[in-house]
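Below, chains carry the letters A, B, ... as their sequence lines are ordered, and counting in each starts from 1.
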Protein chains: 2
Amino acid sequence: MSINFNIENFINDFSCSCSKVQVKNFSKSEVITTYIQKRNQFCILLEGHADLVRYDYNGNKTIIERFSKNDVFGEIFYTISTNNELFVESCENSKVLFFIYDDIKSKCKSSCKFHETLVSNLPEIILSKVIDLNTRIELLTKRSIRDKLLGYFEILSIRNFSKTITLSFSLTYLADYLSVDRSAMMREMKLLKDDGIIKKNGNKITLLYK
Amino acid sequence: MSINFNIENFINDFSCSCSKVQVKNFSKSEVITTYIQKRNQFCILLEGHADLVRYDYNGNKTIIERFSKNDVFGEIFYTISTNNELFVESCENSKVLFFIYDDIKSKCKSSCKFHETLVSNLPEIILSKVIDLNTRIELLTKRSIRDKLLGYFEILSIRNFSKTITLSFSLTYLADYLSVDRSAMMREMKLLKDDGIIKKNGNKITLLYK
DNA sequence: ATTATATTGTTGCTTTTGCAACTATTGTAT
DNA sequence: ATACAATAGTTGCAAAAGCAACAATATAAT
């Protein structure tokens, strides 16, 4: 769900000889990393998709966040809060860049260009994360499923300069993102259709109001 | 609600002669700034309290976020999303530090120490914001008021190394923060008490489970 | 001291949401 | 081609949450 700052520019130039930065590949269902309050790990998803998940005492899986290409994640963004251990699981073949934030801050011995660029871009990278999180909070704080859906559609509509939007992911995921029951969300979508507020055809949605 | 990184250390040394950084004072109800998609404004609340609010088409006021001492805010954290203009209103006498992110990135002509320190601390400052937002999202995504309350209490409990916590703000604000109806939240607190899960005396709460 | 304002606490009623349990459809793997 | 898995779509029912409208305190303002 990342949308704003484009880290691709300098990530494409990746060539760091120092040991501070690592790139690893993962296949479907592999655990990329865990959050257990041990280090300031900072990760960038270079390719693929991954989920941040929690398993509660009953073994129920909750997807807290979903990461796509160029999204950043890692324990440094998610300190303590509860006792639960969190996992980042690869949804498909993925490539991930790892480093420890405290290591990268200090000057690189081999003074590689990548290292330098990464550090100078860190504020923007993290800012784009803040914007994404604020967007989600704005939606999560809406009091009804209807308002959450309309708020979400409005954001996509403004971004695409169009009243018609196409969801690039499953409705199951959308329900997770908005933190509502999927069947209740489907029902509300139907009501929005019946009320003439949206037009829906599969994952193509058109806003009819205003 | 800021908790992590302490920007006070270098903010106390504030003495910037360059024009890039400004400090202004505000009294109760004054508008500190607005978010209208115009510039990368970055603010740090040095003293007081402030609310980020939205007025919808009916004039209803929604408090999106509440800022305390050392919290950061500004349009740079909150790009577009909807057409609504957002306001940051001072809740009492407040002191705010302003700068435009793009200006501060470049070297300061007068090469003042503060300027330099600010830039080198930006990643940490923004990271602490990310952690706060992730914490709130974790609570907002919980499906029931009970889970939201218990999640919130648990976080405070872990932070204070104590099963007994004291809320430093109103229950009205807590309901806003968790984005639930206040009266429904009060009812749920009563049920938690009746079920022997918490003990409550005013704003002092003790967790009894485990 | 008295008024005004904000916060807390409570309750009946209504609406919304979640849950469970399906079927239908689409996509993927062998 | 067929089986398996994931996604989409639907519905009845029960539980949870929102809304409205209060009274009771507590805090701040004049």
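Residue B/Thr172 is the one, among B/Thr172 and A/Arg187, whose nearest nucleotide of DNA chain C lies closer to the 5' end (criterion: closest heavy atom). Where B/Glu188 and B/Lys28 meet DNA chain D, the nucleotide closest to each residue was compared, and B/Glu188 sits on the side nearer the 5' end. Nearest-nucleotide assignment on DNA chain D puts the 5′-proximal partner with A/Lys190, out of A/Lys190 and B/Arg182. Sequence order on DNA chain C of the closest nucleotides to A/Asp181 and B/Lys200 puts B/Lys200 first from the 5' end.
Remark: P of C/dT17 and NZ of A/Lys148 are 8 Å apart, rounded to the nearest angstrom. Going from atom CE of A/Met185 over to atom P of C/dT16 covers 18 Å, rounded to whole Å. Rounded to whole Å, atom C1' of C/dT7 lies 14 Å from atom CZ of B/Phe169. Atom pair A/Tyr177:OH and D/dT7:C1' shows a separation of 21 Å (rounding to whole Å applied). The CG atom of B/Leu149 sits 14 Å away from the P atom of D/dA16 (whole-angstrom rounding). Separating the CG atom of B/Leu167 from the P atom of C/dG9 is a distance of 11 Å, rounded to the nearest angstrom. Spacing between atom CG of A/Asn201 and atom P of C/dT26 amounts to 12 Å, rounded to whole angstrom units. Straight-line distance from the CG atom of B/Asp147 to the P atom of D/dA17: 9 Å, rounded to whole Å.
With D/dT11, D/dG18, D/dA8 as the choices, the nucleotide that has an atom nearest any side-chain atom of B/Ile145 turns out to be D/dG18. With C/dT16, C/dT7, D/dA8 as the choices, the nucleotide that has an atom nearest any side-chain atom of A/Leu171 turns out to be D/dA8. In the set C/dT8, D/dG18, D/dA16, the nucleotide with an atom closest to the side chain of B/Met186 is C/dT8.
Here CD of A/Gln41 is found 10.0 Å from CZ of A/Phe99. Values are rounded to the nearest 0.5 Å. Atom OH of A/Tyr173 is separated from atom CG of A/Asp51 by 8.5 Å, given to the nearest 0.5 angstrom. Taking CG of B/Asn93 as the start and CD of B/Glu30 as the end, the distance is 9.0 Å to the nearest 0.5 Å. Interatomic distance, B/Thr34 OG1 to B/Leu52 CG, rounded to the nearest 0.5 Å: 11.0 Å.
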task: Kindly indicate, with the supporting measurements, whether the criterion salt bridge (charged side-chain N to carboxylate O under 4.0 Å, His left out) is fulfilled by B/Arg136 and B/Glu65.
output: CA-CA 10 Å; B/Arg136 188 168 181 206; B/Glu65 213 175 342; 5.7 Å; no
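Judged by distance alone with a 3.5 Å cut-off, no donor-acceptor contact links the side chain of B/Ser183 to the base of D/dA17.
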